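Counting begins at 1 with the first residue of the sequence. Bear in mind the structure is a predicted one, so any value in this text is a computation, not a measurement.
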Amino acid sequence: MADEAKVGTHWHDDELDAIVADYFDMLAAELSGQPYVKSSHNQALMARIGRTHRSVEFKHQNISAVLDELGMPWIPGYKPKRNYQNAIFAAIDRYLTNHAAILEPLPALPLVVTPSPARIFVDPPALTSADETKPGPLRRLIRKFDAVERDHRNRSLGRAGEEFVLAIERQRLTEAGRPDLASRIRWTAAEDGDGAGYDVLSFDPGGRDRLLEVKTTNGSARTPFFLTRNERDLANERPADWRIYRVHLFATERRIFTIAPPLENAVNLSPDTWRASF
């Protein structure tokens, strides 16, 4: 039963630590395909900390919103709400700092049946100006658990995303009546190594090259990503052929949107590293 004295009051650190830990328990079950019952988790948590059902549900949505900002998967049943209590950032920081394995590569879900490309491709997110309105503690949390660097280092995730695109492209061309072109698709990054400026050589139904640079994340569509000088140069040299395939929500729903040059029309580009020479 809820503690009436807590209604409308700020959550304390021990309560936040309890709900964050419980949320990650449910998320682990979600990602591994194990059954769990949200209502049972909620009832046990309410009994433990004395918060109302509405308050617990709202805090779950706050946690989803922070994980979305961190480029991490979140529980689909808890749609992100971003009117945070600042203390939630510290609670998530404490949990991730003490459970670093959560930030390690997630096992790729087996691709039992290749879904129809019509279900996979979605519109890209709208371009907005750089967001400086995020609370300072959230910006620091994003920098500490940098999704861009994390995805860039995650070679197994990158390869799994490229394999997924290979399957989708073969299906797309086969459905378009061009199985001959489907059989000619090349996994350039695996066969020739990195450095070509794209990962997959595919084709449009007319036989024209499609140079696909695959960027994969377990996060949402708005999760940032790295772009190399080589990739950008090739985009400028062959704008009619080169595309980014942004694979997102990879651990859960798996969706793709495409970005065509000029890249400045679709994304905010900013320098992130510098090459130092003598």
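Proximity of a side-chain donor or acceptor of Arg51 to a complementary backbone N or O of Ala47 within less than 3.5 Å is not detected. With hydrogens and angles disregarded, a donor-acceptor distance shorter than 3.5 Å links the side chain of Asn230 to the backbone of Gly195. When atom types are taken as modelled, the side chain of Ser202 and the backbone of Glu169 share no donor-acceptor pair closer than 3.5 angstrom. In this structure a side-chain-to-backbone donor-acceptor pair under 3.5 Å is present from Asn218 to Ala251. Formation of a donor-acceptor pair under 3.5 Å by the Asn154 side chain with backbone atoms of Arg150 is not found in this model. Not one N or O on the side chain of Arg246 forms a donor-acceptor pair closer than 3.5 Å with the backbone of Pro124. Panel note: side chain Arg139, backbone Lys134; a donor-acceptor pair is recorded below 3.5 Å. For the pair Thr223 (side chain) and Ser220 (backbone), a donor-acceptor distance under 3.5 Å is present.
Pro125 and Ala221 make their closest contact through CG-O, 4.0 Å (heavy atoms, listed as atom of the first residue, atom of the second, distance). Annotation for Ser183 and Asp180: closest pair OG-O, 2.7 Å, computed over non-hydrogen atoms. For the pair Thr188 and Leu201, the tightest heavy-atom approach, listed with the atom from each and the gap, is OG1-N, 3.6 Å. In terms of heavy atoms, Trp242 sits closest to Gly197 at NE1-O, 2.8 Å. Among all heavy-atom pairs drawn from Leu16 and Ala87, the shortest one is CD1-CB, 3.5 Å. Taking all atoms of both residues into account, the shortest heavy-atom contact from Asn265 to Leu127 is O-CD2, 3.8 Å.
Checked for salt-bridge contact, Arg119 and Glu253 miss the test: no charged N lies under 4.0 Å from a carboxylate O. Under a 4.0 Å N-O distance rule, the pair Arg186/Asp192 qualifies as a salt bridge. Comment: Arg238 engages Asp209 in a salt bridge, judged by a side-chain N to carboxylate O separation of less than 4.0 angstrom. A salt bridge between Lys59 and Glu15 is absent, with no side-chain N of the basic residue lying under 4.0 Å from a carboxylate O of the acidic one. Comment: Arg222 does not engage Asp68 in a salt bridge, judged by the lack of any side-chain N to carboxylate O separation of less than 4.0 angstrom.
Note: Tyr78 and Tyr23 have tilted aromatic rings, judged against thresholds of 30 and 60 degrees for the angle between ring planes. Between Phe226 and His152, the ring planes are perpendicular. Angles over 60° get that label, and only those under 30° would be called parallel.
When side chains are defined from C-beta on, Thr216 does not count as touching Asp151, because their heavy atoms never get closer than 4.5 Å. Two residues are said to be in side-chain contact when any heavy atoms from C-beta on lie closer than 4.5 Å; His248 and Phe257 meet this criterion. Contact annotation: the side chain of Phe89 approaches that of Val66 to within less than 4.5 Å [non-hydrogen atoms, C-beta and beyond]. Ile92 has its side chain out of reach of Phe145: every pair of non-hydrogen atoms, C-beta onward, lies at least 4.5 Å apart.
Side-chain contact, Gln85 with Asn62: no donor N or O sits under 3.5 Å from an acceptor N or O. A donor-acceptor contact closer than 3.5 angstrom links the side chains of Glu175 and Gln171.
Criterion: ILVMFWY side-chain heavy atoms under 4.5 Å apart, direct or through other members. Under it, Ile49 and Phe58 are not part of a common hydrophobic cluster. Hydrophobic clustering of Ile, Leu, Val, Met, Phe, Trp and Tyr side chains at less than 4.5 Å, counting indirect connections, keeps Met72 apart from Leu249.
Ring centroid separation for the pair Tyr198 and Tyr245 does not come in under the 6.0 Å cut-off.
A 6.0 Å sphere centred on NZ of Lys38 holds more than 12 heavy atoms belonging to other residues, nucleotides or ligands.
A cation-pi contact, defined as under 6.0 Å to the ring centre and within 45° of the axis, is absent between Arg178 and Phe203.
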Problem set entry | Asp22 vs Arg48, side chain to side chain contact (heavy atoms under 4.5 Å, CB included): CA-CA, chis, key distance, verdict | CA-CA 12 Å; Asp22 191 59; Arg48 177 180 171 188; over 6 Å; no
